[in-house]
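Worksheet: one structure, shown below.
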Amino acid sequence: MIYLAYPILLILATAVERTWPGWLLVRGQGPHLVLAAVISIGLSGGPVAGCFGGLVGGLLLASVQGAWLGGTFVAYMGLGVAVGLLRGQLLAERVLVASLVALIALPVVELIRLIFAAPPSPGPWLLHIFVGAPYTALATVPVFGAVRVVTTLLRPED
Amino acid sequence: MHTTHYRWEPVLALALVAAILTVVQHRARGKGEVSLAERAAQRVVWPAQSALVTFGTVLRNLNTAALHGGRLARERDELLRRVAELEADKIAMYSYYLENKAMKAKLGWDATGVPTGTPARVIDWSSDPRRKRITIEASRELEQGTIVRTEAGLVGRVVEAQGNRGIVVLLLDADHAVAARILREDGDHGIVYAAPQEHEGGQMLLLSKLPHGADVRVGDTVVSSGLGGVYPAGLPIGVVERVERSEVNVASIVACVKPYADFDHLDYVRVIRRGG
């Protein structure tokens with residue numbers, strides 16, 4: 001059941017991320033809600049759930065963006081597994097940890113994607129990281145809450 | 001703190017699925033198609049995006065109505081009066097159109113039709129700096145190759161369609177080019193493509209592959225030439241803002257073209273069926 005709920009959350013996160021209202025953009029940047037959702041799924045459900053979240057989230061995001069799947073899968077699934085290993089560790093269920101992970105994860109994910117598809121100029125890419133990372137960390141708070149509620153209600157099997 | 005032992009077989013299986021999806025995507029893109037998995041993903045996300053865009057519009061309208069109700073009522077009265085005036089102008093314009101058409105027919109020129117097409121709204125903007133694309137939703141079914149424009153000028157064409165939604169490759173896309181010409185009698189032909197770097201005053205297009213010694217001037221209008229058959233002839237693209245001559249060969253010319261379409265504020269566009 002939880003593996004039906006996570007894709008629905010990811011579809012919602014993708015749609016909201018892609019239609020983020022213009023007046024909420026900070027220097028043209030919005031939060032990476034799919035990334036926040038993958039982190040939250042990993043922290044709440046473990047590495048398998050995180051990997052599954054990364055697969056579905058990467059597929060949805062890359063398909064809508066018209067991006068290559070390979071780099072996106074490596075970045076998001078790797079992140080999902082890595083974050084999933086934190087599950088059950090000290091403070092892993094704290095929203096602050098999820099936010100901190102998001103703050104670090106965005107530059108890491110974007111660096112991995114950079115290897116697969118380099119941007120034409122570094123300026124916008126750096127702006128994207130410096131503004132996007134804290135914004136994503138902030139947006140992780142409600143996303144993590146939603147994922148925690150869904151996980152608690154549906155109790156995943158490891 | 002406790003140690004948990006995870007089963008890694010599901011992770012490996014998911015990695016295998018990811019690898020298969022990646023290979024399938026590469027193969028599909030090699031043929032200029034979109035893989036089944038991507039189409040399925042778009043099919044589930046696009047309706048959600050469409051609903052969110054509608055929800056956002058309703059919220060904005062409600063907010064505007066709540067905050068500016070009185071002023072809006074006055075504006076409405078003023079607009080109704082203006083509509084009546086414009087209706088009168090429209091009737092006059094239509095008579096000019098008929099007159100113009102008759103004159104063109106006498107001169108043996110092709111008579112251009114009245115504006116056609118269906119409005120469509122933009123529901124997604126590509127964030128990839130190289131692949132400039134938008135996703136649109138029209139009131140009728142879209143077809144691959146459908147032309148997309150605003151009232152001001154050409155925007156691009158539909159490269160992928162699913163029902164009434166489709167992905168549009170913009171003139172600003174790095175991999176896109178349009179056969180164009182200068183709008184003048186015997187205007188020179190060339191190719192318009194996206195300028196590699198953003199210029200002051202927004203994103204620009206470049207008109208190149210012009211014949212040696214081509215007559216291009218600042219202020220010239222650039223329109224699609226219809227060569228190649230991708231775009232029909234005569235669609236407005238932009239205006240020449242600067243003309244650069246090669247230092248090596250002065251006869252080699254590249255013109256910087258400012259697009260007529262406002263690519264920074266594409267909310268609604270018009271889709272025109274090829275030949276329509």
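These numbers come from a predicted model, not from an experiment. First the proteins, then the strands, lettered A, B, ... as listed; each starts at 1.
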Subject >> Leading residue by heavy atom contact count with chain A [cutoff under 4.5 Å; candidates B:E38, B:R29, B:Q42, B:H26] >> reply: B:R29
**OP:** Using a heavy-atom cutoff of under 4.5 Å, enumerate the residues of residues 53-63 of chain B that contact chain A, numbered in order, or state 'none'.
**Re:** B:V53
Original post:
Any chance CG of B:L36 has more than 12 other-residue heavy atoms, nucleotides or ligands included, within less than 6.0 Å?
Top reply: no
Original post:
Taking every heavy-atom pair that is under 4.5 Å apart, which of A:L55, A:T72, A:L12 has the most such pairs with chain B?
Top reply: A:L55
Subject >> A:R18 (side chain) donor-acceptor with B:W125 (main chain) under 3.5 angstrom >> reply: yes
Original post:
Roughly how far, to the nearest 0.5 Å, is CZ of B:R39 from OG of A:S63?
Top reply: 11.5 Å
**OP:** Answer with side chain, backbone, both or neither: which region of A:V16 has an atom nearer than 4.5 Å to a non-hydrogen atom of chain B?
**Re:** both
Original post:
Crowded around B:E75 CD? As in, over 12 foreign heavy atoms under 6.0 Å?
Top reply: yes
Original post:
So do the side chains of B:W8 and A:V81 get within less than 4.5 Å of each other, counting heavy atoms only?
Top reply: yes
**OP:** Against chain B, work out which of A:W23, A:W68, A:F52 has the most heavy-atom pairs shorter than 4.5 Å and name it.
**Re:** A:W68
Original post:
Which answer fits A:L59, side chain, backbone, both or neither, if we ask what part of it has an atom under 4.5 Å from a heavy atom of chain B?
Top reply: both
**OP:** To the nearest 0.5 Å, tell me how far B:L52 CG sits from A:E17 CD.
**Re:** 12.5 Å
